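This report refers to the structure that appears directly beneath it.
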Amino acid sequence: MEGEEEGGEETEEEVKEEVEEEGGEEAEEERFVYEQLILSILHDWAHIGATREVFFNAIRGVRFDDLKHDLKTLEEKGFILIEWLDLDRFEAYITETGQSHLEFLKSQGIDNSEPGKENHEEEG
């Protein structure tokens with residue numbers, strides 16, 4: 001009969017929900033990794049301010065429009081400040097709130113290292 005499960009098999013709807021949940025979790029973790037990477041870069045360049053070139057060197061293959069969108073999102077959350085020098089030139093700085101968020105992400109054990117790149121955590 002329709003709507004009944006046979007022998008514990010999952011329905012198509014349950015399978016779709018499970019896949020969506022897994023995909024959502026992966027996307028969220030990827031977002032956290034990317035946030036941590038950006039905030040880590042800004043932490044390293046704290047007093048000088050990171051420019052687009054810093055990000056292009058640190059994150060291979062990043063597109064400027066994607067970077068710009070992500071930076072604006074982090075700025076809206078209060079994690080960073082952006083000083084626009086021109087249409088495509090800027091200096092970005094991490095805020096105290098961003099520093100706290102970075103510490104939270106690190107405490108969650110989220111690995112922001114890219115393949116072939118060293119993890120730039122402070123030695124102590």
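Everything numeric here is computed off the predicted structure, so don't read it as measured data. Computed over heavy atoms, backbone and side chain alike; hydrogens, waters and symmetry mates excluded.
Residues Phe79 and Leu39 have side chains in contact (heavy-atom distance under 4.5 Å, counting atoms from C-beta outward). Side-chain contact between Glu103 and Gln108: absent, with no pair of heavy atoms (C-beta onward) separated by less than 4.5 Å. Counting only heavy atoms from C-beta outward, the side chains of Tyr34 and Val62 approach each other to under 4.5 Å. In this structure, Phe90 and Ile82 have side chains that are in contact, with non-hydrogen atoms separated by less than 4.5 Å. Residues Phe55 and Leu37 have side chains not in contact (no heavy-atom distance under 4.5 Å, counting atoms from C-beta outward).
Between Glu75 and Lys68, no side-chain nitrogen of the basic residue sits less than 4.0 Å from a carboxylate oxygen of the acidic one, so the salt-bridge criterion is not met.
In this structure, Ala92 and Leu42 approach most closely via the heavy-atom pair O-CD2, 3.3 Å.
Atom CG of Asp65 is separated from atom CG of Asp88 by 10.5 Å, given to the nearest 0.5 angstrom.
Criterion: ILVMFWY side-chain heavy atoms under 4.5 Å apart, direct or through other members. Under it, Leu74 and Tyr93 are not part of a common hydrophobic cluster. Cluster annotation: Leu85 and Trp45 are assigned to distinct hydrophobic clusters (Ile/Leu/Val/Met/Phe/Trp/Tyr, side-chain heavy-atom contacts under 4.5 Å, transitive).
The neighbour count for Glu96 CD, taken as heavy atoms of other residues, nucleotides or ligands under 6.0 Å away, does not exceed 12.
Residue Glu91 is tested with Val54, Thr51, Leu81 for a side chain to side chain contact (heavy atoms under 4.5 Å, CB included); the sole match is Thr51.
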